[in-house]
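Only one structure is covered here, and it is reproduced in the block below.
In what follows, residues are counted from 1 in the order of the sequence shown. As the structure lists them, so they are numbered: ligands from 1, and atoms in each ligand from 1.
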Amino acid sequence: MIPVVLPTYNRAPLSFVKGEGSWLTTDDGNRYLDLGAGIAVNALGHANPDLVEALTQQAQQLWHVSNLYRIPQQERLALQLVDKTFADTVFFTNSGTEACELAIKMARKYHYDKGTPRAEIITFEGAFHGRSTAAIAASGAEKMVKGFGPLMPGFRQIAFGDHAALRAAVTDQSCAVMIEPIQGEGGIRTLPDACLKGLRDLCDEHGALLIFDEVQCGMGRSGKLFAHEWAGVTPDIMMVAKGIGGGFPLGAVLATEEAASGMVAGTHGSTYGGNPLACAVGAKVMDIVSDDGFLAAVNRKAALFAQGLQSLVARHPAVYDSLRGQGLILGLKCKMTNTDIVKANYDQHLLTVPAADNVIRLLPALNIPDADIAEALARLDRAATAVEHGA
Ligand SMILES: *Cc1c(COP(=O)(O)O)cnc(C)c1O
């Protein structure tokens, strides 16, 4: 008999009833150290007091009004995002997938309004942009698209790192290039700065728009507010979600005035997108995460964690191959099966997240205390020893 919850997830037999900082407590009273943060969502830890306050204060005033009216909380958060990024304008969504949908629409409408419609969007093998019919077409991965055809046309995937194929694919007919500066689901694969720069030049040369998907790597996770800042290039359009709501569903599309020029009244909408509750929380997250001192602390914690992880890899060469990633979006490339290691981590009451390319992801809260980093390293070490001994 089918479970009452549609069984599209392979769920671990764990159920949490309470969270605090980097810790989660199960229904049977066990405490787990959380290095997944809801897959990069709980950027400021569980039950963060500042976010609880922002949420409850807003909840007592107003939860929802339609986008038929001005929403001051939305305007405030948009202004914060515009102030701190390349963008001139922001549309709020409830998720990364919805941000992806708008990014695609915006890019196509831009060219249409120029009088030279262009449909094709270049994407990359291993990419993840969400689970809508358009987002799975963008990814092209067999395990996501199989059985769901006919797929939305107009996407072409290029092998990660294949510069020649990329140069051949981007032409004066190309609508846009869409890429995660650091692939999340794809296995924490970082695009080298030089490649992001080259991509910007290639798009400029052919009049194609550059779309960055920073749903997972953005909002301070890389040690910059947005990961592309490391490379010193900016996109025309950017998708944001996950960390921006700190656990409350919220996403956004950021764009330059030029790229957004086609999106006039009536061309897009959302019932819930940018509601007062979500934006009150998002504004508080932005207050905290966009602060230079906070980002400096992320980088310091990341260096501490990475140093420990390098020595973990060195101590367990049969389990781990190498460390990858930047800031607090880190991946351990495994030699043994990643899901076995994730299970061994569960046995140590430690939450880690598998990714493609036989990687386990480490995405702790950006404000994880140093003591919790030390504890996580100790648990990872015990788990690796257990896996070595086939336990
Ligand atoms: C999670 C994710 C998405 C999809 O976001 P949802 O909120 O699950 O719809 C899109 N792109 C990237 C890079 C992601 O990590």
TODO: Identify, for atom 11 (N) of ligand 1, the protein heavy atom at the shortest distance, and state residue, atom and that distance.
DONE: Asp213 OD2, 2.7 Å
- [ ] May I ask you to decide if Ala283's main-chain N or O and Gln80's side chain share a donor-acceptor pair within less than 3.5 Å?
- [x] yes
Open item on the list: For ligand 1, which is the ligand I care about here, please tell me if Met239 has any N or O atom under 3.5 Å from one of the ligand's N or O atoms.
Closed with: no
Open item on the list: Test your reading of the model: is there a side-chain donor-acceptor pair from Asn67 to the backbone of Ser270, 3.5 Å cut-off?
Closed with: yes
TODO: Mind telling me whether Phe212 and His228 have parallel, tilted or perpendicular rings, with 30° and 60° as the class edges?
DONE: tilted
- [ ] Verify, without hydrogens or angle tests, whether Lys197 (side chain) and Val233 (backbone) share a donor-acceptor contact under 3.5 angstrom.
- [x] no
- [ ] Starting from atom 1 (C) of ligand 1, locate the nearest protein heavy atom and write down its residue, its atom name and how far away it is, to 0.1 Å.
- [x] Lys242 NZ, 1.5 Å
Open item on the list: Given the ring of Phe155, does Arg108 sit roughly above its face, with NZ or CZ under 6.0 Å from the centre of the six-membered ring and within 45° of the axis?
Closed with: yes
TODO: Pull out every atom of ligand 1 sitting under 4.0 Å from any heavy atom of Ser95, numbered as shown with elements.
DONE: 7 (O), 9 (O)
TODO: Show which atoms of ligand 1 fall inside a sub-4.0 Å distance from at least one heavy-atom site of Gly130.
DONE: 4 (C), 10 (C)
- [ ] Can you pull out the closest protein heavy atom to atom 6 (P) of ligand 1? Residue, atom name and distance to 0.1 Å, please.
- [x] Gly96 N, 3.4 Å
Open item on the list: Can you tell me which portion of Glu180 lies within the under-4.0 Å heavy-atom range of ligand 1? Options are side chain, backbone, both, or neither.
Closed with: side chain
Open item on the list: What protein heavy atom lies closest to atom 8 (O) of ligand 1? Include the residue and the distance to one decimal.
Closed with: Thr97 OG1, 4.3 Å
Task: NZ/NE/NH1/NH2 to OD/OE distance under 4.0 Å, Arg189 and Asp357 - done: no
- [ ] With heavy atoms under 4.0 Å as the rule, classify the contact between Ala241 and ligand 1 as side chain, backbone, both or neither.
- [x] neither
TODO: Any atoms of ligand 1 less than 4.0 Å from a non-hydrogen atom of His129? List them with their elements.
DONE: 10 (C), 11 (N)
Open item on the list: Any salt bridge linking Asp113 with Lys109? Criterion: basic side-chain nitrogen under 4.0 Å from a carboxylate oxygen.
Closed with: yes
